[in-house]
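Order of the sequence lines fixes the chain letters, A, B, ..., with proteins taken first and strands second; residue numbering starts at 1 for each chain. Heavy atoms only: backbone and side chains are in, while hydrogens, waters and symmetry mates are out.
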Amino acid sequence: MISWSRYFIPTLKESPADAEIASHRLLIRAGLVRKVGGGLYAFLPIGLRVMRKLSQICREEMERAGAIELSMPHLHPAELWREGPRWPAAREIMFRADHAGAGRRGGGEPEFVLGPTHEEIITPLMKAEISSYRDLPKNFFQIATKFRNEIRPRFGLMRAREFVMKDGYSFDADDAGAMRSYGAMKEAYGRFFARSGLKAVVVEADTGVMGGSASHEFMVPAEVGDDDVVHCDACGYAANREKASSGVVAAGAAPAPPAGPTEEFATPGVVTIAALAAPPHGVPAESQFKTLVYMGDGKPFVVILRGSDELEEAKLGGLGFGLWRPATPEEIEPVMGARPGSLGAVRGTIRNPSALAGIFADEAIRLVGNGTTGANRDGFHLRCVNVARDLEITRFGDFRRVRAGEPCPKCGKPLLITRAIEVGHIFKLGTKYSEKYGAVYTDDQKQSHTLVMGCYGIGISRTLQACIEQSHDADGIVWPWAIAPFQVLVCLLDPQAPEAVELGGRLAAAAEGAGADVLLDDRAERPGVKFKDADLVGIPLRVTVGSRGLKEGIVEMKWRNQKEVIKVPLAEAEARIAAAVAGAQST
RNA sequence: CGGGGUGUAGCUUAGCCUGGUAGAGCGCCUGGUUUGGGACCAGGAGGUCGCAGGUUCGAAUCCUGUCGCCCCGACCA
């Protein structure tokens, strides 16, 4: 039992100016964290208590699923990253950690980096330790601080530069084994979020820079989330928008026949889809081809979309480039022969087609059939361009961004889009890392094989905030029982009265005896202050001992998530509280 | 990295346009009155107005630079 007067819970009436969203304000107002710098937070005592509870639940579920805890350094030799498969992309978000002394300040390549995750550490580590099929499968995890130089930290712990993450890595002999490990983690994640009192949904996800063949994210629906989840309530399809597809393009649609000869027409000053759609040209956006030029690992490539569609940049990851970005007009003109606004991919009009790494077309352009596109000559477009006859296409793919209301790819019902916070992400990595570092094992036929890996992350600190975002009201946080910093608050309204103190002590002991973490509010504050603080901090069960009740021969129990005050006769109080605790513990 | 904003006491902020002794609320300290939903009265402590330069008799205020922070976008395992 901890007494509030000797503890440290600095609550605030007003919220700091830089806290925009409810969970961020409450984190600070309820005294869980304080900002130390941009994207850097100190956990105050009750914030730390919640972190510990989340970590412990996570640990239990990992171990139940057969994963083994270990701990790796936060400071990584940059060498290991340079040898890895994603250094060019990953270094953009990494902190360098060189020797700070005047004598050896690093100007060039970093000597050390702060770990944003640990694939580059555990793969070479396990390369040395796992050599036989008898050692497999293995699944390791740690709960540790990660460092990522987010370009724009925001929303408190939601996107911080330093944060706590559970990261795990599985090693299997083959694909089937890796699938089993992946499945076990997916199940364990579901249990972790359920036990922690969060409503998280599983969605198909993009693998991004991680690489790998399959991926799911665990999402907490919330307006303030960074991600969009595309989902279908009819059949249960759910995917991150970056990954989601829709059924706008009927599978196996026959190519439209040419509608006539292609002809060029003058479009001076028309450099946008909207301008071409407006008078005098009046070409509807869905009848236009949108031609975008990107740089992939230093080489230009073209993406063609329907004029009315937007590119989903993450989908370019499937093309095999390590890094990609929009090309600049200066890079585009020598290759295409025109500047953005007059670009097209009609056969024969590209000035230097051999410079291109490919021309990739979104499936949806089949719906255009015969459309209008740039002539690769500034101020001119081409009409009656037939997809099959005229466009130079390396291959088709899904590159467009899904919009709400489009048909579900599985069942055809309208898709919904919801904002969400990503709290967990699992990847079936395959051999991307093990191959790079030469992590192999020998099977029972003396044959050497590459280890098949998976990696699994849960943002612990982000989960804490997502939980507040999901569970609060106008007065403060409403903690789920399992992760509440304290579960029972015994509130002494008259801490000077010896009989009240004695009674409060007994009630607190009863709650503690039943397994609850108990906080005793013995501060010399007015009742209003205590009630406001109790609601703000969000302790699930409040037991109030006050002179008014004592005259009646009762104490009060009140659940934070309910309105009613339950009056309990003094004689039953200890038993009733213990029973309430026992009931809450078992759910 | 582009666009916008902002920096005044621990927190929330007024003053800045139009230059002239830096103000309030919360919090804190002392005393008193209060005591079931963030009390009241009286007194008090606390500010190099982010930093550097400039203009001026005089700068929180105007100008330049710089740093931090915030928002939008881009970006984002």
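- The pairing partner recorded for rA24(B) is rU12(B), the criterion being a Watson-Crick or G-U wobble arrangement whose two distances lie under 3.5 angstrom.
- With both pairing distances under 3.5 Å, rU35(B) is matched to nothing as a Watson-Crick or G-U wobble pair.
- A salt bridge is defined here as a Lys NZ or Arg NE, NH1 or NH2 lying under 4.0 Å from an Asp or Glu carboxylate O, and R419(A) with E223(A) fails to meet this definition.
- rG7(B) is paired with rC67(B) under the Watson-Crick or G-U wobble criterion, all donor-acceptor distances under 3.5 Å.
- Separation of the C1' atoms belonging to rG10(B) and rA45(B) is 13 Å when rounded to the nearest angstrom.
- The shortest distance between side-chain heavy atoms of W479(A) and R560(A) does not fall below 4.5 Å.
- Not one side-chain nitrogen or oxygen of K558(A) sits closer than 4.0 Å to the OP1 or OP2 atom of rG37(B).
- Shown here, rU56(B) forms no base pair; nothing in the strands shown gives a Watson-Crick or G-U wobble contact with both key distances under 3.5 Å.
- Proximity of K530(A) to the phosphate of rG37(B): no side-chain N or O atom is located under 4.0 Å from OP1 or OP2.
- Taking atom CG on L12(A) and atom P on rC11(B), their separation rounds to 10 Å, with Å as the unit.
- Below the 3.5 angstrom threshold, one finds no donor paired with an acceptor across the side chain of R154(A) and the base of rG73(B).
- One interatomic measurement links the two molecules: CG of D226(A) to P of rG73(B), which rounds to 10 Å at whole-angstrom precision.
- Taking atom CG of residue L536(A) and atom P of nucleotide rC11(B), one finds them 18 Å apart after rounding to whole Å.
- A donor and an acceptor atom sit less than 3.5 Å apart, one in the side chain of E556(A) and one in the base of rG36(B).
- Taking atom P in both rU6(B) and rU13(B), one finds a spacing of 13 Å when rounded to whole Å.
- The base-pairing partner of rC76(B), taking Watson-Crick or G-U wobble contacts with both distances under 3.5 Å, does not exist among the strands shown.
- At a cut-off of 3.5 angstrom, the base of rG37(B) holds at least one donor-acceptor pair with the side chain of R542(A).
- Between the C1' atoms of rA9(B) and rG23(B), the separation comes to 12 Å (whole Å).
- Remark: the E14(A) side chain and the rG25(B) base include a donor-acceptor N/O pair separated by less than 3.5 Å.
- rG3(B) and rA74(B) are spaced 16 Å apart, taking the P atom of each and rounding to whole Å.
- The backbone N or O of A178(A) lies less than 3.5 Å from no partner atom in the side chain of K428(A), so there is not a single donor-acceptor pair.
- Under the Watson-Crick or G-U wobble criterion, with both distances below 3.5 Å, rG43(B) is paired with rC29(B).
- Under the salt bridge (charged side-chain N to carboxylate O under 4.0 Å, His left out) rule, D228(A) has a single partner from K243(A), R241(A), R403(A), which is R241(A).
- Across the interface with RNA chain B, nearest-nucleotide mapping of V529(A) and R526(A) shows R526(A) to be the residue nearer the 5′ end.
- With rG38(B), rC71(B), rU35(B) as the candidates, the nucleotide lying closest to the side chain of E20(A) is rC71(B).
- With hydrogens and angles left out, the side chain of R325(A) and the base of rC75(B) share no donor-acceptor pair within 3.5 Å.
- When only modelled atom types and interatomic distance are considered, N139(A) and S181(A) share no side-chain donor-acceptor pair under 3.5 Å.
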